[in-house]
Amino acid sequence: MSVRAGRPLERAFFRGDTQSVAEKLLGARLVHTALEGTTIGRIVEVEAYLAEDDPASHSARGPTDRNASMFLAPGHAYVYLIYGLHHCFNVVTARAGAGAAVLIRALEPLAGLELMMERRGALRPRDLCSGPGKLAQAMGLTRAHDGRDLTSGAIHLLPPEPGWRGGPVAASRRVGISKAAERELRYSLASCPWSSRP
DNA sequence: GCAGGGATTTTCT
DNA sequence: GAAAATCCCTGCG
């Protein structure tokens, strides 16, 4: 690991306003070191799920067995199963007990592409991480990783490389929800070819 | 290229 | 019983 890679993001990065943290996460690099190898992807699309006044958030009706990790301290992972077969990876934000998180929706594959293709089945690089279920599969993230501390360990986040410029951020509606659907809490790098959708 | 449907767990009505 | 923070395959243009 070179000096340029930087140190993992610390807990303070994830604390506080969820929408601000969501925007700050764009450009950061998600790293997972597994037995099979290391995969890295740059975050290019996220969605914020707030602790209050957000009926679309899994935390809206309080803790359950499934969403318990959402109420951990900021900087932990919340990984859940959706539609019975896909995993979605979230980063807990705000404060412990609040129940706020940022869903990672798309990555630009940076390292370990062969392993990603192996996990996903032979696919074009564009199809490896262009969706929340896809990136969880490509990065090897499952409910086994639910509740992990992301500030130290095999799964962590690195800041953008010095000099990296992401360009303008676009806000739009969150995908696949019916409650509070009009709120623009999805953030993506504008005109990014790695996003889950235009 | 786009529309439709199936897979399958958790939660709520 | 149905919907959900999804993806993939099929069929048709």
Side-chain angles (χ1 to χ4, degrees), chain A residues 14 17-19 21-23 25-26 28 30 39 41 43-72 74 76-94 98-109 113 115-148 150 155 169-189 192-198:
Chain A
F14 305 100
D17 180 69
T18 299
Q19 298 176 62
V21 175
E23 282 202 60
L25 279 170
L26 292 175
L30 177 62
T39 46
I43 298 173
V44 299
E45 182 180 352
V46 299
E47 282 177 2
Y49 287 90
L50 311 182
E52 294 169 0
D53 296 323
D54 186 4
S57 174
H58 285 179
S59 63
R61 278 177 281 262
T64 65
D65 286 344
R66 178 211 214 185
N67 69 12
S69 299
M70 257 187 115
F71 296 86
L72 295 174
H76 283 78
Y78 168 45
V79 186
Y80 67 90
L81 192 60
I82 187 67
Y83 298 111
L85 60 162
H86 298 295
H87 293 279
C88 290
F89 177 79
N90 300 247
V91 179
V92 177
T93 62
V102 173
L103 169 69
I104 310 302
R105 281 197 57 87
L107 303 173
E108 171 190 352
L113 269 69
L115 179 52
M116 290 184 183
M117 289 191 276
E118 204 173 296
R119 284 168 172 157
R120 297 258 308 123
L123 292 168
R124 299 175 305 168
R126 282 187 62 122
D127 296 324
L128 289 177
C129 299
S130 54
K134 298 181 195 179
L135 73 89
Q137 186 183 19
M139 296 289 294
L141 300 169
T142 69
R143 275 176 69 191
H145 305 103
D146 184 49
R148 290 281 187 91
L150 302 175
I155 310 169
V169 171
S172 52
R173 293 180 171 206
R174 293 177 292 183
V175 176
I177 59 170
S178 55
K179 297 166 192 159
E182 73 289 349
R183 303 187 68 175
E184 299 201 325
L185 292 173
R186 175 162 63 114
Y187 304 96
S188 55
L189 297 178
C192 174
W194 305 101
S195 300
S196 73
R197 53 190 64 203

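Quick note on labels: first sequence line is chain A, next is B, and so on, each numbered from 1.
Listed by residue number, A:Tyr83, A:Gly84, A:Leu85 are the residues of residues 83-94 of chain A with a heavy-atom contact under 4.0 Å to DNA chain B.
Stem analysis of DNA chain B (Watson-Crick or G-U pairs, both distances under 3.5 Å, runs of at least three) returns B:1-7 with C:6-12, B:9-12 with C:1-4.
Taking atom CD1 of residue A:Ile82 and atom P of nucleotide B:dT8, one finds them 15 Å apart after rounding to whole Å. The CG-C1' distance, from A:Asp127 to C:dC7, rounds to 11 Å in whole Å. Going from atom CG of A:Leu123 over to atom P of C:dT6 covers 19 Å, rounded to whole Å. Distance A:Glu47 CD to C:dA4 P: 14 Å, rounded to the nearest Å. One atom, CZ of A:Arg66, and another, P of C:dA4, lie 12 Å apart when rounded to the nearest Å. Rounded to a whole Å, the CZ atom of A:Arg126 is 17 Å from the C1' atom of C:dC7.
Counting any heavy atom pair closer than 4.0 Å across all strands shown, A:Arg120 reaches sugar-phosphate atoms only and no base atom. Within 4.0 Å (heavy atoms only), A:Leu103 reaches at least one base atom of the nucleic acid.
When distances are taken from the side chain of A:Val175 to each of C:dA5, C:dC7, C:dT6, the shortest belongs to C:dT6. The nucleotide whose nearest atom lies closest to any side-chain atom of A:Arg61 is, among C:dA5, C:dC7, B:dC12, B:dC12.
For the OP1/OP2 pair of B:dT11 and a distance below 4.0 Å, the side-chain nitrogens and oxygens of A:His58 include no atom meeting the criterion. Contact between the side-chain N/O atoms of A:Arg143 and the OP1/OP2 oxygens of B:dT10 is found at a separation under 4.0 Å.
Here A:Glu47 pairs with A:Arg105 in a salt bridge; the nearest charged N to carboxylate O distance falls below 4.0 Å.
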